[in-house]
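The next block holds one structure in the form of structure tokens; read it before the comments.
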Amino acid sequence: MIGPGKYFVEGDVAAAYGAIMAGCRFFAGYPITPASEITQAMAELLPKYGGKFLQMEDEIASISAIIGASWAGIKSMTATSGPGFSLMQENIGYAAMTETPIVIIDVQRAGPAIGQATRPAQGDVMQSRFGSHGDYENIVLSPNSVQEMFDLAVKSFNLAERFRVPVILLSDAEVGHMMERLNVPEKVEILERKRAVTFEETTKWGEDLIPPMGRFGDGLELIVTGSTHKPDGTRDTGEPDVQDQLVRRLINKIEKNRNLIEDWEEIDSEDADYLIVSYGASSRPSKGAFMKLRERGLKIGYFRPRVLWPAPEKRLYELSERVKKVFLTEMSLRGYRMEIEKIFPKSVIHIPKVNGKVHSVKEVLSSIEVSI
Amino acid sequence: MIQIKIGGWAGQGVVLSGIILSTAFSNVLEKNVVMTRSYTAAVRSGITSADVIVDDNEIYDLNAHEPDVLIIMYQKTFDKYIGMVKAAKYVIVDSTLVKDIPSDLKNIYSVKASEIAENISSPKISNMVLLGKYVAITKHLTIDALEEAVKLSVSKKFIDDDLKALRSGFYS
């Protein structure tokens, strides 16, 4: 059992601890480097907490199983990496369409395809938002330490439950396999989904646009379908208004609540002419470089989204009015670049690293020094 | 800050050495510690390394780019890291397996780790001999702190032999 106190563990294990503390009681998965340790930890822990662990035949079955378990009222999760994450894309859309709270941990590795399984990368940033077809929104979080693997795993469940969306904890092989101190608190803040007691309740929503969720087995005669459906769940694959209203609500329940979801770390940006933007493992050396440049008197700020999607757009647009140059450090040639270039169209200096290694502080420093 | 890099060949217990060292610094000495690893997938061979970064402050570099200490278990790893070897303060090597060492290097501390380990039970515990030697040379940790970390990190049936190997390295 996970008691409060100090641990010295891998990021993957910390994420499993966080999931358990958040109330996750069902895990279905297929092991894959560098996410296997999450699967292993869940297999060891869940039976002790009265939960269920299932090793599935593949990743499509894994995500299908957790969607089903979530409808049975159980907080559910899977964990994977690149190739498995690609296989899960269709059902990420299914979870978005059926408004099923689930958590998927993607521990990114160097790709495309099989790539280098043990090496970190951040090439799944766009896929984590746009990977499934059609219009939908989900939530994507990015941890940069073992402690945040725990904290953001808890937060992932809370966001999934609150907004009834698939939430992706987008880690990377460096953070997943790294060992650091983890402080497990006595208690964590837990949010539960709004549960419908009557069928009628499942068909209506308030200002937050999120209808209460029914549960299989309660006799509510629920209809859950990936086809376009009316508020009562019945299929309607022809009526334009039904499609329009459903899709707009799926987008708007995130869009209109983004101030409740967006989350970032920001240091010394008030007077900044320059800004370093980074996330995940690469944000660690980026912060080191930022500290050194500040010491030297350069007016530079540090900005790290903890939630990548929805992006902290409002704050970044505010900063764009003052900042002359933005340094985006990441382990991808694409990564978060389109988003940051959208907000800072002509001032982004991209500092990618794609050899399966995290930047060093020195590398970030020298890349910045040549551009200012 | 202390940067330590342990380098060897897959199967030599490189990552476990990293876990033991970092556990000692974190749990016993209450330092900030990051331990990262590098190994190749699927094929069970190749150069494997574990990096341990120790600091009183926040840790920004996640890998040992300029290690103060290298612990080297295999000739190919020694050759690959020769640049770092020259720059490091202490280089602890298993001289049973690393034989080709330039004679002008003054920072090399050799111990016949695999041979000593084999005499105890198996060459598999050569990593423990090297960790013992590391503590004796650098004094970054006490042997007691390292012993405690071994007890926290390995399964019970190996503890006795591991501790014997650790002490053999320490007193070698």
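Quick note on labels: first sequence line is chain A, next is B, and so on, each numbered from 1.
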Quick check: are there more than 12 heavy atoms from other residues, nucleotides or ligands sitting under 6.0 Å from [atom1] of [X]?
X	atom1	value
B/Phe158	CZ	no
B/Leu29	CG	yes
A/Arg294	CZ	yes
A/Glu186	CD	no

Practice problem: Before accepting this row, confirm whether a basic side-chain N of the pair B/Arg37/A/Glu10 lies closer than 4.0 Å to the acidic partner's carboxylate O. | Solution: yes
Quiz item: Given that the side chain runs from C-beta out, which part of A/Ala281 has a heavy atom under 4.5 Å from chain B: side chain, backbone, both or neither?
Solution: both
Quiz item: Does the pair B/Glu58 and A/Arg284 meet the rule for a salt bridge (charged side-chain N to carboxylate O under 4.0 Å, His left out), with working shown?
Solution: CA-CA 9 Å; B/Glu58 193 175 340; A/Arg284 298 281 290 264; 5.4 Å; no
Quiz prompt | Passing option when B/Thr36 is tested against A/Met178, A/Glu180, A/Met179 for side-chain contact (heavy atoms from CB on, under 4.5 Å) | solution = A/Met178
Self-check item: Closest non-hydrogen atom pair between A/Val361 and B/Tyr60, with its separation
Solution: CG2-CB, 3.8 Å
Practice problem: Would you name the heavy atoms of B/Glu30 and A/Lys6 that are closest together and state the gap between them? | Solution: OE1-NZ, 2.9 Å
Quiz item: Residue by residue, which of residues 61-92 of chain B have a heavy atom closer than 4.5 Å to a heavy atom belonging to chain A?
Solution: B/Asp61, B/Leu62, B/Asn63, B/His65, B/Glu66
Quiz item: Distance-only, no hydrogens or angles: does the B/Ser26 side chain make a donor-acceptor pair with backbone N or O of A/Phe8 under 3.5 Å?
Solution: no
Quiz item: Side chain, backbone, both or neither: which part of B/Ile59 has a heavy atom under 4.5 Å from chain A?
Solution: both
Self-check item: Pairwise side-chain contact, B/Thr40 with A/Arg119, heavy-atom cut-off 4.5 Å (strictly under)
Solution: yes
Quiz item: Who among A/Met291, A/His359, A/Lys357 has the most heavy-atom pairs with chain B under 4.5 Å?
Solution: A/Met291
Quiz item: Among A/Pro34, A/Ser145, A/Ser286, A/Ser360, which has the most heavy-atom pairs under 4.5 Å with chain B?
Solution: A/Ser360
Quiz item: Can you tell me how far the OG atom of B/Ser38 sits from the CD atom of A/Glu174, to the nearest 0.5 Å?
Solution: 8.5 Å
